[in-house]
Number of protein chains: 2
Amino acid sequence: MADSDPSQMGERRRGSGVKMVYDLLRDEIMNLELAPGSAVDEVQLASRFGMSRTPIREALVRLAAEGLIETLPNRSTMVSNIDFLNLPAYFDALVLMYRVTTRLAAQHHRGVDLGIIRAQQAEFSKAVQAQDALAMIATNAAFHSAIAAAGRNSYYSAFFERLLNDGRRMLRLYYQSYDDRLPPRFVEEHEEIIAAIEARDVAAADRLGKVHGEQIVEQIGRLLTRHEGIDIEL
Amino acid sequence: MADSDPSQMGERRRGSGVKMVYDLLRDEIMNLELAPGSAVDEVQLASRFGMSRTPIREALVRLAAEGLIETLPNRSTMVSNIDFLNLPAYFDALVLMYRVTTRLAAQHHRGVDLGIIRAQQAEFSKAVQAQDALAMIATNAAFHSAIAAAGRNSYYSAFFERLLNDGRRMLRLYYQSYDDRLPPRFVEEHEEIIAAIEARDVAAADRLGKVHGEQIVEQIGRLLTRHEGIDIEL
DNA sequence: TCCTGATCTCTTGTCGACAAGAAAAATACA
DNA sequence: TGTATTTTTCTTGTCGACAAGAGATCAGGA
């Protein structure tokens, strides 16, 4: 909330400014520190970061390309609202990508991948024990991102990553209202997923990915909407 | 190829410049009028479009966000190369999205959708008869985009659209070297797909989407790489 | 000839200033 | 008091200029 961050005010390397602004705003938006619908002012950001509007603008253009902010021509820029109308569609896509990425990881993972996945799972487990909702959401996403990376399909990875990021805001909203408790079952399910991947058991990976995804959908979606559930054989 | 387009040089509405540059460059890149690897110069574009570098830059940032151009820091900007290494991954994703979008269209399409889809199919058929490869690629993509839109899942639509756009460059390359002939079978398959959607036959839509996707993969992929083929039940 | 270092050139990255567009505020008028 | 119209204000969109980085070129020495 400080007007400016002194540690960032010194000499900056040319080109680093946009990335810094982009990363920071992205985090603030996804963690709901910047509320959906709240205004994003270029000059304000410029003075906050001690730079001109040009690099700020570039960061905003990138955020807009990802759908995280919206611009009203000539008028204003604001943080995108969370689209609850499309929630069933979102859940369909999410569950399918859970399945596909887990399945591909079982097929294509190599030596280093399991170590990375296990490290993310350790982080996730730690966050669950600490009841830290923000960390749970972030580490859960990182865990599944690592699995997607092991699947060696950059198209799926990119799409999945985007879905997870979109979901972070909704999940945050959910956990905010339910007091940060999350069933330890998720931790166990993660372990089962890891085992299936390690055993290269594609069918099990697929099934576990589906169950795990639907688990989360159940938790969040039941209250908000009737979920249809696509039933597709891969 | 003209240095500048006089019809576009008059008074422009504020904000329309970026869109125009973005759309045009996007088209030129996807139609291979701008070769992969070729340089993209900001000042050159600025003089070509009769505007300053700022709006050009914004358009380029957006193209970069979509992966259509790549930026070497402080040095240069160029049209992205086509990634032939990831072709199997690309085909997997493409076939899956063919299936998913066709299937969802069979489930969720409404009155207006079929008309739009049929219109696109008519365009496609016309392009095939005219042996116009560029038009075939574009109208085929539009046909499947229309189907995806009828499926009412914006996450899938956006992802699929992106895959189709990525594919346009590869397809163009392919047809360039094979003298623009394309089996009329594709037209028939499109008809079958429309019929399945209209009949709300989800299983048939799924199967036809898969077959149709694999058909295209076969045509293009066989020469370039061994295709693995994901076999997943939806 | 080949390596090393300085200089040059070319493109991008950043800046401050100004203009345009749209909403909000203020004013005029019945 | 209510409404139409003008003015103000606030934010974004665009511009031209300058600086920095990184390769390319060139000069000098072995």
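Letters go in sequence order (proteins before strands), and every chain restarts at 1. The basis for the numbers below is simple: all heavy atoms, side chains too, and nothing from hydrogens, waters or symmetry mates.
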Checklist outcome for this item: Whether each nucleotide of nucleotides 15-21 of chain D has a protein heavy atom under 4.0 Å at its base (B), only at its sugar-phosphate (S) or at neither (-) is summarised, 5' to 3', as B-B-BBB
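Legend: residues meeting side-chain hydrogen bond (donor to acceptor under 3.5 Å, both in side chains) with Asn81(B), ordered by chain and number and at least two apart, are absent. Here Ser52(B) pairs with Thr54(B), Pro55(B) under the side chain to side chain contact (heavy atoms under 4.5 Å, CB included) rule; sequence neighbours left out. Annotation: salt bridge (Lys or Arg N to Asp or Glu O under 4.0 Å) contacts of Glu66(B) (sequence neighbours excluded): Arg26(B). Not a single salt bridge (Lys or Arg N to Asp or Glu O under 4.0 Å) links Arg14(B) to another residue, sequence neighbours left out.
Look at CG on Asp41(B): it is 17 Å from P on dT9(C), rounded to the nearest Å. Atoms CD1 (Ile56(B)) and C1' (dT11(C)) sit 15 Å apart, rounded to a whole Å. Rounded to whole angstrom, the span from the CG atom of Leu60(B) across to the P atom of dT14(C) amounts to 15 Å. For Ile69(B) and dT11(C), the CD1 to P distance is 16 Å, given to the nearest whole Å. As a whole-Å value, the separation of Glu70(B) CD from dT11(C) P is 19 Å. Glu58(A) places its CD atom 12 Å from the P atom of dT12(C), with the value rounded to the nearest Å. Following rounding to the nearest Å, Met78(B) (CE) and dG23(D) (C1') show an atom-to-atom distance of 15 Å.
A donor-acceptor pair shorter than 3.5 Å cannot be found between the side chains of His108(B) and Asn153(B).
Listed by first then second residue, pairs satisfying salt bridge (charged side-chain N to carboxylate O under 4.0 Å, His left out) with a partner in residues 143-157 of chain A read Asp113(A)-Arg152(A), not counting sequence neighbours.
Residue Thr77(B) places at least one side-chain N or O closer than 4.0 Å to OP1 or OP2 of dT12(C).
Using a 4.0 Å heavy-atom cutoff across all strands shown, Val40(A) reaches sugar-phosphate atoms only and no base atom.
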